[in-house]
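As the structure is a computational prediction, the values presented were derived from the model and not from experiment. One-based numbering along the sequence shown.
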Amino acid sequence: MHISIFTRYIAKSLITFFAGVVGILTFVIFMNYFIRVLDLAMTYGTSFGWIVSSLLHILPDIFCLSAPMSFQIAILLTLTNMSEQGELIALRAAGFSFKEIIRPLLACAVALSALLVFIGNWGAPHSYKRFSELRDQARSKITKVTLEPQTFINLGEWDLYLEKLDPETNLAGLIHLIKKNDEGALSTKVNANSGKVILSDTAVGLQLKDGQMQRVDDKDPTSFIAANFEDYTMSISLLKERARRLRMGELTTTGLIRRLKNDPLDEETANEYRTGISMRNVLALSPVIMLFLSCPIGFSFGKRTNKGWGMLFSVVIIFGFYLLLTLGLSLGKKYPVLAYPSPWLPVVVGLFAARWLWKKRLNI
């Protein structure tokens with residue numbers, strides 16, 4: 001019962017600091033995406049629902065970035081706070097070993113790592129893929145159309161010209177349509193004496209009256225097709241066809257492995273996939289590594305140590321971890337034989353450094 005109370009107390013302290021720090025870091029990273037999404041929405045005239053959906057789908061990716069750093073800061077803030085309050089000295093005097101004190105912290109680190117393994121390898125790629133689809137969907141839409149008389153209006157494949165327009169009923173007089181880049185034709189034109197324009201978010205509908213369609217052959221300009229009509233209805237899509245290649249961040253780890261086995265990939269792409277798989281799992285395990293690095297430092301703090309020292313050491317550990325990760329990724333992308341193992345460089349160095357710190361500072 002005594003151990004259970006202690007475990008809940010230290011775990012609650014750690015989770016409180018972690019929740020506060022991860023909230024701040026997530027908000028800072030989120031605001032960068034928020035500005036970009038809002039700018040895209042203003043440019044292409046998307047709906048409020050599109051904005052909300054896009055922002056929700058980038059949250060898992062942001063969490064994978066902010067959680068490891070937040071956990072590192074939370075560990076040292078927890079230990080610094082316990083040192084300031086004299087709780088570490090009291091626990092040691094009560095017979096608790098360093099391994100017993102670290103046990104609830106380790107349980108939290110393992111739980112967070114398990115969550116990051118799932119989100120980083122499967123959850124975040126699914127969400128980021130949906131975010132990319134929503135972004136491309138907005139970009140594929142022609143900028144919001146404004147109907148104005150006596151002005152050529154760009155509608156993608158067509159240019160629309162309205163001689164007269166009633167803004168209330170959208171009834172138009174003398175309508176001219178010119179198709180651009182019409183395969184097999186030198187020009188394609190549609191003219192009508194009157195009609196109605198129906199405008200939606202995804203298309204422009206035209207109900208034409210008393211007109212003619214003309215199509216001039218590109219091989220023989222003297223040969224053309226002309227057809228008169230009394231009523232003709234046509235729809236012009238405002239969505240551009242866009243073909244895109246899935247980025248690595250949109251593919252789950254199982255999807256990356258499947259592509260490596262089945263698809264003919266160039267060496268650069270294959271190395272990127274291999275290093276990406278390792279990087280996701282290194283980031284997922286980083287809370288455990290950072291815990292073992294931080295505890296010897298935190299346990300050696302005295303009562304006069306303030307939280308500023310905890311923040312300083314956290315920044316140093318985070319900077320060193322990501323510096324080694326970047327070096328490992330660079331080596332993996334350059335040398336195929338190192339593609340899988342080199343991103344694990346910060347884990348290997350971190351374990352050796354942690355072992356040295358435990359022996360040097362705590363004699364364990």
Side-chain angles (χ1 to χ4, degrees), residues 11 14-15 17-26 28-30 59-80 102-125 127-128 248-249 252-253 256 274-299 310-333 338-358:
L14 174 65
I15 293 170
F17 280 118
F18 174 73
V21 178
V22 79
I24 294 171
L25 288 182
T26 300
V28 171
I29 301 172
F30 177 82
L59 284 177
D61 204 46
I62 294 175
F63 181 78
C64 287
L65 291 174
S66 62
M69 294 184 286
S70 301
F71 190 79
Q72 164 60 50
I73 295 171
I75 293 168
L76 281 177
L77 286 180
T78 300
L79 296 177
T80 304
I102 197 179
R103 196 171 296 152
L105 300 175
L106 181 59
C108 292
V110 171
L112 178 59
S113 289
L115 179 63
L116 288 174
V117 166
F118 173 76
I119 296 177
N121 287 287
W122 292 280
S127 292
Y128 187 70
M248 188 187 74
T252 64
T253 298
L256 291 175
R274 294 187 186 105
T275 55
I277 292 170
S278 293
M279 180 190 67
R280 290 174 179 179
N281 292 286
V282 168
L283 290 176
L285 293 176
S286 61
V288 177
I289 305 303
M290 291 178 176
L291 172 69
F292 286 120
L293 283 169
S294 301
C295 283
I297 299 172
F299 287 150
M311 290 294 295
L312 176 61
F313 280 109
S314 294
V315 170
V316 172
I317 293 173
I318 291 169
F319 177 79
F321 186 91
Y322 281 94
L323 180 64
L324 291 172
L325 178 60
T326 302
L327 177 60
L329 290 173
S330 299
L331 291 173
K333 291 178 180 179
L338 298 176
Y340 279 123
S342 63
W344 291 88
L345 181 62
V347 174
V348 175
V349 174
L351 289 174
F352 277 105
R355 179 59 180 162
W356 181 83
L357 286 170
W358 279 83

Checklist entry - Atom CG in N281, atom OG in S113: separation rounded to 0.5 Å? => result 10.5 Å

Item to check | Closest non-hydrogen atom pair, F17 against T78 | outcome: CD1-OG1, 3.4 Å

Checklist entry - Which heavy atom in W358 sits nearest to a heavy atom in C295, and how many Å separate them? => result CZ2-CB, 3.8 Å

Next on the checklist: So P68 and L116, do their side chains get closer than 4.5 Å, heavy atoms only?
Outcome noted: yes

Checklist entry - Does OH in Y340 sit with more than 12 non-hydrogen atoms of other residues, nucleotides or ligands closer than 6.0 Å? => result yes

Checklist outcome for this item: dist S314:OG -> L293:CG (nearest 0.5 Å) comes out at 11.0 Å

Checklist entry - Distance from F299 atom CZ to L357 atom CG, nearest 0.5 Å? => result 12.5 Å

Next on the checklist: Quick one, Y322 with L325, criterion side chain to side chain contact (heavy atoms under 4.5 Å, CB included). Give me CA distance, side-chain angles, the key distance, then yes/no.
Outcome noted: CA-CA 5 Å; Y322 281 94; L325 178 60; 4.2 Å; yes

Next on the checklist: With heavy-atom distances below 4.5 Å as the criterion, would you say the side chains of V348 and L324 are in contact?
Outcome noted: no

Checklist entry - Roughly how far apart are I317 CD1 and M69 CE, rounded to 0.5 Å? => result 14.0 Å

Checklist entry - Between L106 and F292, does a side chain to side chain contact (heavy atoms under 4.5 Å, CB included) hold up when you go through it step by step? => result CA-CA 9 Å; L106 181 59; F292 286 120; 4.0 Å; yes

Checklist entry - Which pair of non-hydrogen atoms, one from A19 and one from V22, has the smallest distance, and what is that distance? => result O-CG1, 3.4 Å

Item to check | From L112 atom CG to S286 atom OG, the distance as rounded to the nearest 0.5 Å | outcome: 7.5 Å

Next on the checklist: For a side chain to side chain contact (heavy atoms under 4.5 Å, CB included) check, start with the C-alpha distance between L79 and I297, then their side-chain angles and the critical distance, and finish with the verdict.
Outcome noted: CA-CA 9 Å; L79 296 177; I297 299 172; over 6 Å; no

Item to check | side chain to side chain donor-acceptor pair (under 3.5 Å) involving T253 - partner list, sequence neighbours excluded | outcome: N121, R280

Item to check | Exercise: identify the closest heavy-atom pair between L291 and I75 | outcome: CA-CD1, 3.6 Å

Checklist entry - What is the minimum heavy-atom distance between P343 and L338, and which atoms define it? => result CD-O, 4.0 Å

Item to check | Residue of the set D61, L25, V21, V28 for which side chain to side chain contact (heavy atoms under 4.5 Å, CB included) holds with S66 | outcome: L25

Checklist entry - Should I289 and V282 be marked as a side chain to side chain contact (heavy atoms under 4.5 Å, CB included) after you check the CA-CA gap, both sets of side-chain angles, and the distance that decides it? => result CA-CA 10 Å; I289 305 303; V282 168; over 6 Å; no

Checklist entry - Rounded to the nearest 0.5 Å, how far does CZ of F71 lie from CD1 of I15? => result 9.0 Å

Item to check | For I119, all residues meeting side chain to side chain contact (heavy atoms under 4.5 Å, CB included), sequence neighbours excluded | outcome: P60, F63, C64, L115, A124

Checklist outcome for this item: C108 and L14 have their tightest heavy-atom pair at CB-CD2, 3.6 Å

Checklist entry - Under 4.5 Å between any side-chain heavy atoms of S278 and W344, yes or no? => result yes

